Number of protein chains: 2
Amino acid sequence: MAGKKGAGVLELAVLGLLHESPMHGYELRKRLNTLLGMFRAFSYGSLYPCLKQLLTSGLIMEDRPEEPNTALALQSRRSKIVYKLTADGKERLQQLLTEAGPASWEDEGFGVHFAFFSHTRADVRLRILEGRRSRLEERLESVRAALARTRERVDSYTLELQNHGLESVEREVRWLNELIGRERAEQEQQARSSSQTNQDMPRENGR
Amino acid sequence: MAGKKGAGVLELAVLGLLHESPMHGYELRKRLNTLLGMFRAFSYGSLYPCLKQLLTSGLIMEDRPEEPNTALALQSRRSKIVYKLTADGKERLQQLLTEAGPASWEDEGFGVHFAFFSHTRADVRLRILEGRRSRLEERLESVRAALARTRERVDSYTLELQNHGLESVEREVRWLNELIGRERAEQEQQARSSSQTNQDMPRENGR
DNA sequence: TTCGTCATGTAATGGGTTACATGATTAC
DNA sequence: GTAATCATGTAACCCATTACATGACGAA
């Protein structure tokens, strides 16, 4: 158990998708790439090794529905391999979904983490959104500073590029602001209704 | 000529920056990261090996300005190393700036290629912009198709993510449209003025 | 029966990061 | 004189890609 760094983004994505429903690799990859569509695309060369690794570490298992009545005794020669989560896998997924750190708000990971927000605790969601926002704001500030420093020394295409980048990020920040606002409103509403019924927020007992 | 794949994006970026003015590695990296600000950030761990490789392949050379009057006979112990392009390097840069292929319009390369558009031929610029646009439109189409297929089966966060991605890309397409429009207008104007004067005036009048 | 798609995999490679190690210069 | 920053470099590793190889299955 020492070391054994997970496959980063892919691990979460695979576990998350398999949690929604069991699947075989090929389909997994398609769902992956439509899910993340604009952000990333994985190839088989990374997916299958990842599945293999998850298998050997006991987070997923093969799940052959066994519908062999149809007179095919050896139907298993290079057929589909459907994977599903094990108990350990569910636990691992839960763990991944609970940590709100750089991995969850940097460029590589944010999309995937966001995609599974409906399985994520509300407070974690909020911290991830805020983390990403402040990350982007850092970037904005440093680029704006650089832009102010070098004003008039850059050619028009460079300027155009930096402006477009700036505007894109500003746009994402506005998007995050709106999401954060919604999350906060939701939390308040929940807090209100729970204080009404004299209950403190149940802190995610392990089910 | 056999093999010797260049260091991808970095090679172009380094050659391009050094073409504008000689620099040492540390400064190069800063300029690199402000130039590309929103898109990429390189670390020394990739920059210095790249410089080394460019050095050994003769595309850049050390350029010590030699201002040693100040009584420092051994001023060179671990001092700055300023690099500049060689003739080969300039040629290579020109070559890189002339090819309008996937490398120039895929996500990884587009920003860098665009950043040096002022050193790029007008027709190449146009083809790169159009290449990127059609690349993005492909992506839009496939995501929209997927979205239509799975409508109502996805949870709200996934939907939110996909929508945001979609809008981001649509926005970039609009940006590209405008740039392409400008480029075309410029080309037409140049064509017009050159046809106007091509009978009695020497062609090639630079401003 | 052949072609396109579904489906699973591996080996070689690649481009990059992190963490580390160290020296030089500047500001206080 | 010491801390921060400038400046150069390397080794170990990581995540993923490309290209390849193979096999099953349905439709023309």
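As the structure is a computational prediction, the values presented were derived from the model and not from experiment. Per chain, numbering begins at 1; letters A, B, ... match sequence-line order. Just so it is clear, the values below take in all heavy atoms, side chains as well, and ignore hydrogens, waters and symmetry mates.
In this structure, B/Leu10 places its CG atom 12 Å from C1' of C/dT17, rounding to the nearest Å. For B/Leu51 and D/dG9, the CG to P distance is 8 Å, given to the nearest whole Å. Counting to the nearest Å, the C1' atom of D/dT10 and the CD atom of B/Gln53 are 16 Å from each other. Atoms CD (B/Glu11) and P (C/dG16) sit 11 Å apart, rounded to a whole Å. Rounded to whole Å, atom P of D/dA7 lies 12 Å from atom CD1 of B/Ile81. D/dC6 atom C1' lies 8 Å from atom OH of B/Tyr44, rounded to whole Å.
Here B/Lys52 reaches the OP1 or OP2 of D/dT10: one of its side-chain N or O atoms lies under 4.0 Å away. An OP1 or OP2 oxygen of D/dA16 is reached within less than 4.0 angstrom by no side-chain nitrogen or oxygen of A/Ser43. Applying the 4.0 Å criterion to OP1 and OP2 of C/dT8, one finds that A/Tyr48 has a side-chain N or O inside that range. Residue A/Ser46 places at least one side-chain N or O under 4.0 Å from the OP1 or OP2 atom of D/dT17.
Shown here for B/Leu32 and B/Ala13, the closest heavy-atom pair between the two residues is CD1-CB, 3.5 Å.
Neither side chain, A/Trp105 nor A/Glu130, offers a donor N or O lying under 3.5 Å from an acceptor on the other. Between the side chains of A/Glu160 and B/Trp175, at least one donor N or O sits under 3.5 Å from an acceptor N or O. Residues A/Arg171 and B/Ser168 bring a donor and an acceptor atom of their side chains to less than 3.5 Å of each other.
Of the candidate nucleotides C/dA7, D/dA16, D/dA7, C/dA7 has the atom nearest to the side chain of A/Lys80.
Within residues 21-33 of chain A, no residue has any heavy atom under 4.0 Å from DNA chain D. Of the residues in residues 97-113 of chain B, not one comes within less than 4.0 Å of DNA chain C through any heavy atom.
Projected onto DNA chain D by closest heavy-atom contact, B/Tyr83 and A/Phe42 fall at different nucleotides, the more 5' of which corresponds to B/Tyr83.
Classified by interplanar angle (parallel below 30°, tilted 30° to 60°, perpendicular above 60°), the ring pair B/Phe110/B/Phe114 is tilted.
Note that A/Arg29 lies in the cation-pi zone of A/Tyr44, set by a 6.0 Å cut-off to the ring centre and a 45° limit from the axis.
In this structure, the ring of B/Tyr157 has its center no less than 6.0 angstrom from the ring center of A/Phe116.
Only one option out of A/Glu172, A/Glu137, A/His113 pairs with A/Arg132 in a side-chain hydrogen bond (donor to acceptor under 3.5 Å, both in side chains); it is A/Glu172.
To the nearest 0.5 Å, atom CG of residue A/Asn33 and atom CZ of residue B/Arg139 are 11.0 Å apart.
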